[in-house]
Undergrad: 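Structure provided below as structure tokens; questions to follow.
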Amino acid sequence: SCGENGMAGNDELNVLTGLKERSIREKGCGYTLKELGVIAYHRGDLAQARQKLEKAAEIHRQRDRYTDFLRSLNNLIGVARAEKQYEQALAYYQEAVPYFNVISSEFDRAMLEIAMGGTLFEMGNYQEAEAAFRRANSPYLQRSRHVYQRALIWQCLGNTLLKQNRLDESERCLQESASLWADASDDLMLANTLGTLGELYAERKGMAKTAVSYLDQAISLLIKYPDDAAAVRLQEEFLTLKDSLVKA
């Protein structure tokens, strides 16, 4: 009979085909939901984004697709931060931690640490934020070709250290970040870092002219993005600081 020769019978083939098709549908559904969640996030529909991404995360977890599961959680942290639901953001991170040693991607672990650090920074927990950013800044990432992420980590560390008034350490991090943003030709992020350096030098005695110089560099780059809300906000902040330094 068919059962004895190791080949599946018709009924068995139908079951296997159905399971395969279901697997493909569920896999595709997880990716589709994730993309829809990201689109909703960028449109500002945070409730819809959270709903789609939570469904995507659950599908990926059930299918043992742990890297995709963690990426969905990373996106959910971003949604929670946008909603200023910081405890929820921390809960998503804690949900991810048990899987850090399951996945092989050091990059994805680093991205979650960056998200964790950003959450803690926004909560005002600067020492804990620093620890998360330093975990993200692993030897792997430092040696990698992920220039954007390396620049971002140095910028985040610089901001965190500045909040702790550790100006020398902050300066080194921000200068490294600025160099990497220049290599990546990312003028908007470079402007952000240069403006932060202006803020740093404004804290030092006798460095007002240096601060204004960095602020001017930042403002000249931000002018190129009149339709970018973040760029406009930063430009206003840096102009206000520059005016206060000039009038002092």
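All values derive from a computational prediction rather than experimental measurement.
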Undergrad: Check whether any side-chain N or O of Ser144 sits under 3.5 Å from a backbone N or O of Leu141 as a donor-acceptor pair, and report yes or no.
TA: yes
Undergrad: Which other residues end up in the same hydrophobic cluster as Leu234, if Ile, Leu, Val, Met, Phe, Trp and Tyr are linked when side-chain heavy atoms come under 4.5 Å apart?
TA: Leu188, Val212, Leu215, Ile219, Leu222, Ile223, Tyr225, Phe238, Leu239, Leu241, Leu245, Val246
Undergrad: Determine yes or no for a side-chain-to-main-chain donor-acceptor pair under 3.5 angstrom, with Arg81 supplying the side chain and Ala89 the backbone.
TA: no
Undergrad: How would you list, by chain and number, every residue that makes a side-chain contact (heavy atoms from CB on, under 4.5 Å) with Glu130, sequence neighbours excluded?
TA: Arg134, Leu157, Thr160, Leu161, Gln164, Arg166
Undergrad: Taking Glu237 first and then Arg233, would you say they form a salt bridge - that is, a charged N and a carboxylate O separated by under 4.0 Å?
TA: yes
Undergrad: Under a 4.0 Å N-O cut-off, is there an ion pair linking Arg204 with Asp168?
TA: yes
Undergrad: Is the shortest side-chain N to carboxylate O distance from Lys224 to Asp187 below 4.0 Å?
TA: yes
Undergrad: Could you state the interatomic distance from CG (Leu200) to OG1 (Thr193), rounded to the nearest 0.5 Å?
TA: 12.0 Å
Undergrad: Looking only at atom types and distance, does a side-chain atom of Ser213 sit under 3.5 Å from a main-chain N or O of Lys209, one as donor and one as acceptor?
TA: no
Undergrad: Run through the side-chain heavy atoms of Ile, Leu, Val, Met, Phe, Trp and Tyr, join any pair under 4.5 Å, and report what else lands in Tyr93's cluster.
TA: Tyr41, Leu46, Leu53, Tyr66, Phe69, Leu70, Leu73, Leu76, Ile77, Val79, Tyr86, Leu90, Tyr92, Val97, Tyr99, Phe100, Val102, Ile103, Leu112, Met116, Leu120, Met123
Undergrad: Thinking salt bridges, do Glu95 and Arg61 make one under a 4.0 Å N-O criterion?
TA: no
Undergrad: Please check if the side chain of Glu171 supplies one atom and the backbone of Leu197 the other of a donor-acceptor pair under 3.5 Å.
TA: no
